[in-house]
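These figures come from a predicted structure and were not determined experimentally. Chain identifiers are assigned alphabetically (A, B, ...) following the order of the sequence lines, protein sequences preceding nucleic acid strands; residue numbering begins at 1 within each chain. Atoms considered below: every heavy atom in the structure, side chains included; atoms not considered: hydrogens, waters and symmetry mates.
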2 protein chains.
Amino acid sequence: MPPIQLDLTVPKSLSAAVEERIRDAIVNAELAFGQALPEDGVGLAMGVSRTPMREALTRLQAQGLVVIVPKKGTFVFDPSPDDVDQLAAFRLMLESEAVRLGLAVAPEAALAGLRAAQGAMEQARRSGDGRAYARADTVFHASFFHHCGNAYLAKAYESIAWQVAALRAHLSVPRLHEQDTSFAEHAAMIGHFAAGEAEALLAILGRHILRSAAVYREAIRVRGA
Amino acid sequence: MPPIQLDLTVPKSLSAAVEERIRDAIVNAELAFGQALPEDGVGLAMGVSRTPMREALTRLQAQGLVVIVPKKGTFVFDPSPDDVDQLAAFRLMLESEAVRLGLAVAPEAALAGLRAAQGAMEQARRSGDGRAYARADTVFHASFFHHCGNAYLAKAYESIAWQVAALRAHLSVPRLHEQDTSFAEHAAMIGHFAAGEAEALLAILGRHILRSAAVYREAIRVRGA
DNA sequence: ATATTGTACCTTGGATACAATAGAAGGATC
DNA sequence: GATCCTTCTATTGTATCCAAGGTACAATAT
């Protein structure tokens with residue numbers, strides 16, 4: 001007899017719910033960079049008290065999404081152009097390693113994840129849903145880490161992935177040309193991954209990441225001026 | 001008239017103090033792997049209430065030093081042999097990149113840090129202070145990150161450095177031969193760093209890290225049996 | 001007019017009380 | 001004697017209260 005499998009939505013704690021909600025708000029650009037987040041502001045609006053709110057903010061700080069200034073308050077992170085560059089460089093390092101490990105450890109599983117994400121991206125593109133495209137983009141890159149076999153590497157990526165997603169949401173200029181280039185690059189990466197051609201893949205990945213970083217840096221520079 | 005400049009030691013928050021204290025206890029092997037840390041246990045012994053204790057534990061979880069199980073309790077992290085391997089592989093990746101960046105960005109400053117740490121190691125070795133040697137060892141490796149010019153890379157290292165230190169303290173067999181090998185390797189790394197010989201340095205670094213990982217893995221395997 | 005000071009208000013830091021849940025112990029029943 | 005059910009305890013999750021630090025603005029003295 002096959003084992004019974006039931007889906008059970010575990011009642012997540014309030015602090016976890018608040019954390020997710022605020023994170024969504026940040027990565028979906030509902031909250032502006034630098035926006036203040038008083039503990040009794042957002043929390044009371046959701047009907048929770050300051051305690052779970054504080055926990056949520058503490059964890060969000062660990063994810064780099066908010067900055068807590070002692071005795072002053074908590075604010076949505078506000079990256080400088082230099083931050084964007086450093087973030088991209090770090091991301092490129094992590095993702096390159098994840099690609100190499102994934103090819104060595106579980107190429108089939110990783111490839112399946114990549115193709116699923118690509119399918120979602122294609123669908124989003126056809127329906128013109130920019131937000132869905134961005135989500136699928138996030139899933140695509142996360143696939144490398146889900147199958148790299150190193151939990152620490154994956155955790156490190158998690159610690160910056162949300163910041164990257166937030167940058168995408170805040171600063172992406174919805175130019176169709178950009179999306180075309182991006183989509184083509186993803187397809188090319190899948191091809192190289194399937195063929196086991198690590199170096200060719202990494203070359204595209206590097207261009208891919210550094211180009212988007214340049215876009216974000218410019219957007220921040222202009223906005224800051 | 002020049003502006004008045006006075007040093008004032010800012011009293012750190014209770015939660016920060018508790019966090020440091022518990023972290024010290026873990027990395028100095030005062031607490032065993034898997035040891036339970038109820039919120040009202042350690043906290044009350046230090047005269048603080050559960051609130052700062054909870055905050056401290058939350059942050060320690062982000063540093064990988066404790067594991068919080070919902071509704072069950074908080075426990076000192078308890079790495080498996082596989083964890084040790086993954087941790088070492090991740091650490092090697094981070095540190096290799098830090099070395100490359102350090103050589104490119106601020107070689108003099110990094111070199112000064114390395115030499116200072118080496119001095120401390122030598123002194124600790126002469127006085128036979130194993131704990132001081134371990135601390136200096138930690139400082140040595142941290143030097144690469146303090147001068148790599150990438151805050152995200154440095155932060156990622158921080159998120160695992162304490163775990164590495166804890167492994168050292170819990171599992172290091174104080175064999176003099178090991179310390180001799182370690183000391184010689186550090187010296188060789190400084191030499192290669194000063195000469196700008198990245199590849200030679202990285203070769204030693206790889207051996208250095210993977211060898212200690214092998215020691216820790218074996219120690220955990222034996223203890224677990 | 002300007003610099004300083006007093007003050008009100010806002011925000012976080014910490015403590016305590018209460019609610020909810022998981023796990024263990026113990027007893028009753030078959 | 002084993003098993004199931006109950007109860008009890010230990011621990012975390014959440015709410016609320018008080019204290020302390022920080023900011024901004026108005027009042028005041030020079």
Side-chain angles (χ1 to χ4, degrees), chain A residues 6 8-23 25-26 31-78, chain B residues 1-23 25-26 31-78:
Chain A
L6 286 180
L8 174 59
T9 46
V10 184
K12 44 193 163 209
S13 69
L14 277 184
S15 61
V18 172
E19 178 190 348
E20 284 186 28
R21 182 66 192 88
I22 298 178
R23 182 167 54 217
I26 295 177
L31 295 170
F33 290 145
Q35 168 80 246
L37 295 173
E39 292 175 358
D40 54 0
V42 188
L44 291 191
M46 299 169 63
V48 304
S49 78
R50 283 181 52 213
T51 307
M53 182 69 179
R54 278 180 70 81
E55 277 209 30
L57 291 178
T58 301
R59 287 202 288 256
L60 288 169
Q61 184 185 33
Q63 297 165 17
L65 289 179
V66 305
V67 178
I68 300 179
V69 184
K71 300 285 183 186
K72 281 203 54 180
T74 305
F75 307 87
V76 177
F77 83 121
D78 190 4
Chain B
M1 192 165 67
I4 301 175
Q5 185 86 25
L6 285 179
D7 283 350
L8 174 60
T9 48
V10 184
K12 45 191 161 210
S13 70
L14 277 185
S15 62
V18 172
E19 178 189 348
E20 284 186 28
R21 181 67 192 88
I22 298 178
R23 183 168 53 216
I26 295 177
L31 295 170
F33 290 146
Q35 170 79 247
L37 295 174
E39 290 175 1
D40 53 0
V42 190
L44 291 192
M46 300 168 62
V48 305
S49 79
R50 285 180 50 211
T51 307
M53 181 68 179
R54 277 179 71 82
E55 275 208 34
L57 291 178
T58 301
R59 287 201 288 253
L60 288 169
Q61 184 183 36
Q63 298 165 17
L65 289 179
V66 305
V67 178
I68 299 179
V69 185
K71 300 287 183 184
K72 280 204 57 179
T74 304
F75 307 88
V76 177
F77 82 121
D78 189 3

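Residues satisfying the side-chain contact (heavy atoms from CB on, under 4.5 Å) criterion with B:R54, sequence neighbours excluded, are A:E55, B:E39, B:R50. Here A:A62 pairs with B:A62 under the side-chain contact (heavy atoms from CB on, under 4.5 Å) rule; sequence neighbours left out. Residues satisfying the ring pair (Phe, Tyr, Trp, His ring centres under 6.0 Å) criterion with B:F33, sequence neighbours excluded, are B:F77, B:H170. In terms of the side-chain contact (heavy atoms from CB on, under 4.5 Å) criterion, residue partners of A:A36 (sequence neighbours excluded) are, by chain and number, A:P38, A:F75. Looking at residues two or more places apart in sequence or on another chain, you find a side-chain hydrogen bond (donor to acceptor under 3.5 Å, both in side chains) between B:S15 and B:S13, B:R59.
When all heavy atoms of B:V18 and B:A56 are compared, the closest pair comes out as CG1-CB, 3.8 Å.
In this structure, CG on A:L37 lies 6.0 Å from CG on A:L31, to the nearest 0.5 angstrom. Here the CG atom belonging to B:L57 is positioned 5.0 Å from the CD1 atom belonging to B:I22, to the nearest 0.5 angstrom.
A side-chain hydrogen bond (donor to acceptor under 3.5 Å, both in side chains) check over residues 63-75 of chain A, counting only residues at least two apart or in different chains, returns the pairs A:E19-A:Q63, A:R23-A:Q63.
Protein atom CE of B:M53 is 17 Å distant from nucleotide atom C1' of C:dT16, rounded to whole Å.
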Full working for side-chain contact (heavy atoms from CB on, under 4.5 Å) between A:I26 and A:V66: CA-CA 9 Å; A:I26 295 177; A:V66 305; 3.9 Å; yes
Can you check nucleotides 7-9 of chain D for protein contacts, nitrogen or oxygen pairs under 3.5 Å, and list what you find?
none

Annotated protein contacts, base or backbone, on nucleotides 12-22 of chain D with a non-hydrogen cut-off under 4.0 Å, one of B, S, - each: BBBBBB---SS
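Note on the helix from C:dA1-D:dT30 to C:dC30-D:dG1: terminal axis deviation equals 0°, with five pairs used at each end and the result rounded to 10°.
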